[in-house]
J.: 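Structure below; questions to follow.
Numbers for residues simply follow the sequence, beginning at 1. Model, not experiment: these values are computed from the prediction.
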Amino acid sequence: MADITRGVRSFTLGTAISRVTGLIREMVFAYLYGANTSTDAFQASFRLLDLLRDLFAETTLSSAIIPILTEEKTRGRKNQNLLASNIFNLLFIVTGVITILCIIFAPYLVRVIAFGFASVPGKFDLTARLAQTVLPFLLFVAFAAWAMSYLNTENKFFIPSVAPAWFNIFSILVPIMLYRYLISKGIDPIFGMAYGVLVGGLMQFGSQVPALVKNGFRYHFYLNLKEPALKKVIFLFIPVALGLASSRINVMVDTIMVSFLEERSMTWLHYAFRIMHLPLGLFGIAVGAVALPSLSKLVVETKFEELRKTLIDSLKLVFLLTIFSSVFIIFFSYPITRIIYERGKFSSFDTSATASALIFYIIGVPFASGLRNVASAFYALRDSKTPMYVSLGMVSVNVCLNYILMRFMSFRGIALATSISAFFNFFILFSILPKKVGNLETKGLIKYVLLITIGSIITSFIGIIIFNYLIKTFHPNLMIQVIALVIMCFFVLFIFYLFCKISNTKDAIRNLKQLFKR
């Protein structure tokens, strides 16, 4: 478990840098463009890209590549590099063809995912043109995910996790540099974001190439569709991709439904979604990504008792981190949203709307994070079909919840439906897992979750009372508010640690000590 914790620390550090630059990217986006017809068009075009990106991004490819690449690694470096090169070459062909086809048929695809835009003059055409501009990003993100899978197999987590920071940096610089130029040419400046996405995607992959070479990768011009190891990867990949496709179908359904709600709803949900991904990316995805190579190694070595213990320990770690951070964000949702976004064309009304959506999104983060870890156990066992079937079943649940909740809660209902679906997805998959690996220590896990939830609520409540009092009393400027928020986060974490000491939550204390240990 100590190895996983160290890996999580490296992954989290890299991801933290990426997420911070991602937030700066969103702040720049909000400052330059605010919330309007053009931003809705960009978000919708990016949703189309997301639908394809998740099929070839980190979660999908790593889930299929790492278990088999780990197995090939035991047979020698040459076999490992041949398989990695074979995957890369096949990936280049497949994603290249898909990209070209999607650029050609972009207007028809946009008509499906955002047909509600047709009622606003020019909005539909703008969305289609933006989609055609950003679609080549699919190639770069697929290569970046492939590189991450190889490096994770080598237990290298920092470089892959910090790579998205390069994407964010260039997604910031390019639109800033092109903003006035595009306006002077009579082009909607939102295209600056689209060009930034392309340059940033290239840098996300390129930043990992030196680490690949340093860790022993050597490229081979090799393509063999009959290679047994490649077939194993493909057989794992297809169910994983279909399972992930179901989540993207949910996103597409969300996009369609939101397009009929009040103007700016899609943009508010997007900004809330970005903040929600802070704890999910920092902790939820981190633990799952680091646990997968370890779980795969234990499966190869047939150490199932150790596998069960490692899985429960990883779930305790991920619940500790995500429950605490999610509860903190719920209580501090308004000041967090205001500090990040409220400037330029982003108004206080936009802040309130985004913060309300954030609360309902963030409820589902612990379940989505736990799901990532449980799914990793299935992938390590070479079973990618079970998570796929459960994910596909959740599509109908999400659609029904969307339809019911949005009638009473508007765009907030979309966020709550996402969280409820994540809960059911986790619960069902976790209930099936004992049939694969044997009995798990469920009672101890439930007690642990309840204790850290209670502790998080109590300490975050104390924190927001103190924070609001200080803000109302001293009326500090933005920089002081940021510093105060960071200090308050560590203060709440400290009194949460004291709560764990008083309640004798030993696993939480051990995990916290390992995370902050040098």
Side-chain angles (χ1 to χ4, degrees), residues 15-35 168 264-265 267-284 321-366 409-412 415-416 419 453 455-497 499:
T15 305
I17 296 170
S18 299
R19 297 295 175 177
V20 169
T21 55
L23 280 177
I24 295 173
R25 171 179 175 263
E26 294 304 311
M27 290 166 67
V28 171
F29 185 90
Y31 178 81
L32 291 176
Y33 309 110
N168 292 323
R264 298 183 289 176
S265 292
T267 300
W268 293 328
L269 284 172
H270 167 77
Y271 288 140
F273 194 80
R274 295 295 298 176
I275 299 176
M276 181 269 287
H277 260 272
L278 265 176
L280 184 61
L282 283 174
F283 308 125
L321 297 171
T322 56
I323 290 174
F324 171 79
S325 57
S326 297
V327 172
F328 180 87
I329 291 174
I330 287 172
F331 278 93
F332 285 80
S333 58
Y334 188 84
I336 288 173
T337 305
R338 185 184 68 241
I339 288 171
I340 293 173
Y341 294 128
E342 194 177 306
R343 60 189 54 82
K345 296 182 179 180
F346 199 92
S347 66
S348 59
F349 181 79
D350 293 324
T351 296
S352 297
T354 302
S356 64
L358 173 61
I359 291 172
F360 292 108
Y361 264 140
I362 209 74
I363 293 170
V365 165
M409 303 171 63
S410 187
F411 62 92
R412 301 169 189 84
L416 181 58
S419 294
T453 301
S456 299
I457 292 172
I458 293 172
T459 54
S460 295
F461 179 71
I462 294 171
I464 192 62
I465 289 176
I466 297 173
F467 182 83
N468 285 338
Y469 172 78
L470 293 175
I471 296 299
K472 290 178 180 178
T473 302
F474 298 103
H475 302 288
N477 60 33
L478 178 63
M479 183 57 66
I480 300 299
Q481 288 184 50
V482 172
I483 295 171
L485 183 62
V486 173
I487 293 173
M488 190 56 60
C489 180
F490 283 101
F491 171 73
V492 172
L493 180 61
F494 174 72
I495 57 177
F496 175 77
Y497 176 78
F499 173 87

J.: Could you give the distance from OG1 (Thr322) to CG (Leu280), rounded to the nearest 0.5 Å?
T.: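 Spacing of OG1 (Thr322) from CG (Leu280) equals 8.5 Å.
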
J.: Rounded to the nearest 0.5 Å, what's the gap from OG on Ser460 to CD1 on Ile465? Could you check?
T.: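 If I round to the nearest 0.5 Å, the distance is 11.0 Å.
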
J.: Testing the basics here: between Arg264 and Asp350, what is the closest heavy-atom pair and its distance to 0.1 Å?
T.: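 Looking at all heavy atoms of both residues, the closest pair is NH1-OD1, 3.2 Å.
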
J.: Distance check, rounded to the nearest 0.5 Å: Ile359 atom CD1 versus Ser333 atom OG?
T.: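 With rounding to 0.5 Å, CD1 (Ile359) is 3.5 Å from OG (Ser333).
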
J.: To check you understand the geometry: which heavy-atom pair defines the closest contact between Ile458 and Phe499, and what is its length?
T.: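 Nearest heavy atoms, Ile458 then Phe499: CD1-CE1, 4.3 Å.
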
J.: Could you pull out the closest heavy-atom pair between Val327 and Ser456, with the gap in Å?
T.: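 Looking at all heavy atoms of both residues, the closest pair is CG1-O, 3.4 Å.
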
J.: Does any N or O in the side chain of Thr473 come within less than 3.5 Å of the main-chain N or O of Leu470, such that one atom is a donor and the other an acceptor?
T.: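 Looks like no, no N/O pair under 3.5 Å.
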
J.: Is the closest side-chain heavy-atom distance between Thr459 and Phe494 below 4.5 Å?
T.: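 When only atoms from C-beta onward are counted, Phe494 and Thr459 do not touch, as no gap falls below 4.5 Å.
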
J.: Flag the pair Tyr271 / Phe346 as yes when their ring centroid distance falls below 6.0 Å, and as no otherwise.
T.: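 So the answer is yes for these two rings.
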
J.: Measuring from Phe332:CZ to Leu485:CG, what's the distance to the nearest 0.5 Å?
T.: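 It is 6.5 Å, given to the nearest 0.5 Å.
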
J.: Considering non-hydrogen atoms only, spot the tightest contact between Pro335 and Ile464 and give its length.
T.: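 Here Pro335 and Ile464 meet closest at CG-CD1, 4.4 Å.
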
J.: For Ser18, does its backbone N or O pair with a side-chain atom of Asn168 as donor and acceptor, under 3.5 Å?
T.: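 Yes; judged by distance alone, with no hydrogens or angles, the pair exists.
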
J.: For the residue pair Ser325 and Leu321, what are the closest heavy atoms and their distance?
T.: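 In this case the closest contact between Ser325 and Leu321 is OG-O, 2.7 Å.
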
J.: Rounded to the nearest 0.5 Å, what's the gap from CD1 on Ile336 to OG1 on Thr354? Could you check?
T.: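 The distance works out to 13.0 Å.
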
J.: When you measure from the side chain of Thr351 to the backbone of Thr337, do you find a donor-acceptor pair of N or O atoms at a distance under 3.5 Å?
T.: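 No; judged by distance alone, with no hydrogens or angles, the pair does not exist.
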
J.: Aromatic rings Phe496 and Phe324: how do their planes relate, parallel, tilted or perpendicular, breaks at 30° and 60°?
T.: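 Rings of Phe496 and Phe324: tilted, as their planes differ by 30° to 60°.
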
J.: Evaluate the side-chain proximity of Ile275 to Tyr341: yes if any heavy-atom separation is below 4.5 Å, no if none is.
T.: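 Yes, side chains in contact.
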
J.: Search all heavy atoms of Leu269 against all heavy atoms of Ala415 and return the closest pair with its distance.
T.: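 Smallest interatomic distance, heavy atoms only, reads CD2-CB, 4.3 Å.
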
J.: Atom CD1 in Ile339, atom OH in Tyr334: separation rounded to 0.5 Å?
T.: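 OH of Tyr334 is found 11.0 Å from CD1 of Ile339.
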
J.: Parallel, tilted or perpendicular: which fits the ring planes of Tyr361 and Phe273, with parallel below 30° and perpendicular above 60°?
T.: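 Perpendicular, since the angle between the ring planes exceeds 60°.
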
J.: Quick one: salt bridge (Lys or Arg N to Asp or Glu O under 4.0 Å) pairs with a partner in residues 270-281, sequence neighbours left out?
T.: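 Passing the test, one end in residues 270-281: Glu26-Arg274.
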
